There are 2 protein chains.
Amino acid sequence: MKKKFDGGSTPNTLLGLLTLCPMSGYDMRAMIDRSIGHFWSESYGQIYPSLKRLAAEGLVEKKTERKQGRPDRNVFSLTPAGRQRLSEWLSTPVKEVETPRNELLLRLFFGQHVSADVNRQHVTAFIAANEGALKHYSAVEKQLRREEANDPQLPYWLMTLSFGRHRSEAFVRWGRETLRKLDELERSRGRGSKAAQKAKSE
Amino acid sequence: MKKKFDGGSTPNTLLGLLTLCPMSGYDMRAMIDRSIGHFWSESYGQIYPSLKRLAAEGLVEKKTERKQGRPDRNVFSLTPAGRQRLSEWLSTPVKEVETPRNELLLRLFFGQHVSADVNRQHVTAFIAANEGALKHYSAVEKQLRREEANDPQLPYWLMTLSFGRHRSEAFVRWGRETLRKLDELERSRGRGSKAAQKAKSE
DNA sequence: GGGTGCATGTAATGGGTTACATGATTCT
DNA sequence: AGAATCATGTAACCCATTACATGCACCC
């Protein structure tokens with residue numbers, strides 16, 4: 001009694017999107033980028049096959065709009081069964097992420113084998129990226145509060161945004177702290193190696 | 001002039017590990033879990049093929065130890081070329097992670113469609129997981145400071161641990177803040193829906 | 001004429017985990 | 001007796017991105 005064709009959370013994401021309004025696969029991609037792009041992404045290679053399966057299971061309904069001059073649009077909307085499935089999924093516990101791999105930390109872990117400067121550059125770039133993200137989050141937040149002020153979903157959207165803010169702020173703090181430590185380390189390493197040389201020569 | 005067989009960062013990770021001491025593929029897995037397990041993981045399915053390729057490229061050297069009663073051990077050690085390759089890789093810029101998918105945020109984004117309780121449970125579990133992680137980090141840190149006090153690589157290891165601490169602390173703060181928001185939301189939603197009902201019935 | 005936007009879809013490829021196959025030894 | 005540790009490796013599978021194929025319309 002296994003359910004084949006689960007396909008992870010992509011289908012559920014699409015069901016969620018369709019609560020906002022009926023749309024096509026093409027729209028979905030754009031919508032995802034604009035709304036949940038800071039913590040989620042989907043590619044056409046996932047979206048189109050998923051939609052086909054969702055339609056086969058009766059969770060979404062497809063209507064083809066034909067327009068002159070433009071390609072056909074397959075517009076999907078949520079069925080009651082689809083809405084049901086969505087709220088079931090929303091209630092399932094979040095499967096804990098194993099260990100998201102972190103290339104920055106991997107390099108830093110072996111940081112002894114390169115110059116302090118190399119390590120500093122990695123951390124500096126990381127800080128810059130997160131400062132950029134922070135700016136982006138503020139901009140999005142302002143825009144949301146202006147344009148979606150009356151949407152009952154706004155508070156939830158802001159919570160996800162706040163997550164990004166907390167995370168990036170922490171990352172920037174860690175980055176600065178780490179830069180200080182790297183500086184310190186270089187200074188004491190300098191002293192250390194001099195001392196070691198001296199000890200050797202004696 | 002493309003370099004085929006890059007294989008991502010797994011081979012580089014293995015090179016890094018071999019700077020600590022020569023070891024077998026089997027050892028590597030265990031070592032990874034103990035040392036960088038909080039931000040990295042590798043499976044045998046990745047390790048063994050990577051080692052084969054690294055040996056073919058002359059970046060590591062393989063020596064087979066035969067012991068009575070035990071299976072053979074293929075012990076690998078770093079060659080000068082391997083050490084060179086490692087420091088080259090350590091100097092390459094970290095490729096920015098696209099957007100790590102976050103299932104918790106995905107559920108929260110669509111939180112409007114389920115009860116406040118469901119959302120609260122997700123967040124509560126998330127807080128608990130991060131508090132657990134924080135305890136783990138402290139334990140590891142204590143152990144490192146005790147057992148590896150003289151290792152010159154210790155400061156780098158502590159930096160990666162500190163990253164986890166900063167992150168989990170931020171996540172816990174966000175979680176608590178979000179729980180408060182959810183409570184607030186439920187209260188105002190209660191009032192709102194009562195008001196809406198009243199308005200409807202009039 | 002060429003890029004961009006609209007629109008759908010498939011195939012190839014990549015990176016990774018899990019399961020499987022094998023088999024002795026040691027601990028409980 | 002049965003589980004855990006030691007030890008290596010392959011095959012199957014999963015999920016996801018990227019590239020490709022197609023083609024019209026609009027703008028510069």
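All values below were derived from every heavy atom in this structure, side-chain atoms included, with hydrogens, water molecules and symmetry-related copies excluded. None of these values were measured; they are calculated from a predicted model. Note on naming: letters A, B, ... go to the chains in the order of the sequence lines (proteins, then strands), and numbering restarts at 1 for each one.
- Rounded to a whole Å, the CZ atom of A:Arg66 is 17 Å from the P atom of D:dA25.
- Between the side chains of A:Asn74 and A:Thr64, at least one donor N or O lies within less than 3.5 Å of an accepting N or O.
- For the pair B:Lys95 NZ and C:dG15 P, the computed distance is 8 Å after rounding to whole Å.
- Here A:Arg145 pairs with A:Glu141 in a salt bridge; the nearest charged N to carboxylate O distance falls below 4.0 Å.
- Across all non-hydrogen atoms, the minimal contact from A:Val123 to A:Leu104 is N-CD1, 4.4 Å.
- An OP1 or OP2 oxygen of C:dG16 is reached within less than 4.0 angstrom by a side-chain nitrogen or oxygen of B:Thr10.
- Within the 4.0 Å cut-off from OP1 or OP2 of C:dT17, at least one side-chain nitrogen or oxygen of B:Ser41 is found.
- In this view, B:Ser35 satisfies the side chain to side chain donor-acceptor pair (under 3.5 Å) rule with no residue, not counting sequence neighbours.
- Less than 6.0 angstrom separates the ring centroid of A:Phe126 from the ring centroid of A:Trp174.
- Look at CD1 on A:Ile47: it is 13 Å from P on D:dT18, rounded to the nearest Å.
- Side-chain contact check for A:Arg107 versus B:Thr92: some heavy-atom pair is nearer than 4.5 Å.
- If you take CZ of A:Arg29 and P of C:dC6, they are 13 Å apart, rounded to a whole angstrom.
- Between B:Arg83 and B:Leu15, the closest side-chain pair of non-hydrogen atoms is not below 4.5 Å.
- Side chain to side chain, A:Thr79 and A:Glu61 fail the donor-acceptor criterion of an N or O pair below 3.5 Å.
- A:Gln46 has its CD atom 17 Å from the P atom of C:dG14, to the nearest Å.
- Between B:Trp40 atom CH2 and C:dG15 atom P there is a gap of 12 Å when expressed in whole angstrom units.
- Nucleic acid contact for A:Arg101: sugar-phosphate only, since backbone atoms but no base atoms lie under 4.0 Å from a heavy atom of the residue.
- Of the possible polar contacts, one joining the B:Ser24 side chain to the B:Asp27 backbone as a donor-acceptor pair under 3.5 Å is found.
- In this structure, A:Met31 places its CE atom 13 Å from P of C:dA7, rounding to the nearest Å.
- If one axis is set at each end of the helix from C:dG1-D:dC28 to C:dT28-D:dA1 from five pairs, those axes are 30° apart, to 10°.
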Summary of protein contacts for nucleotides 5-10 of chain D, nucleotide by nucleotide, where a base hit scores B, a sugar-phosphate-only hit scores S (4.0 Å, heavy atoms): SBBBBS

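- Remark: C1' of D:dT18 and CD of A:Glu42 are 15 Å apart, rounded to the nearest angstrom.
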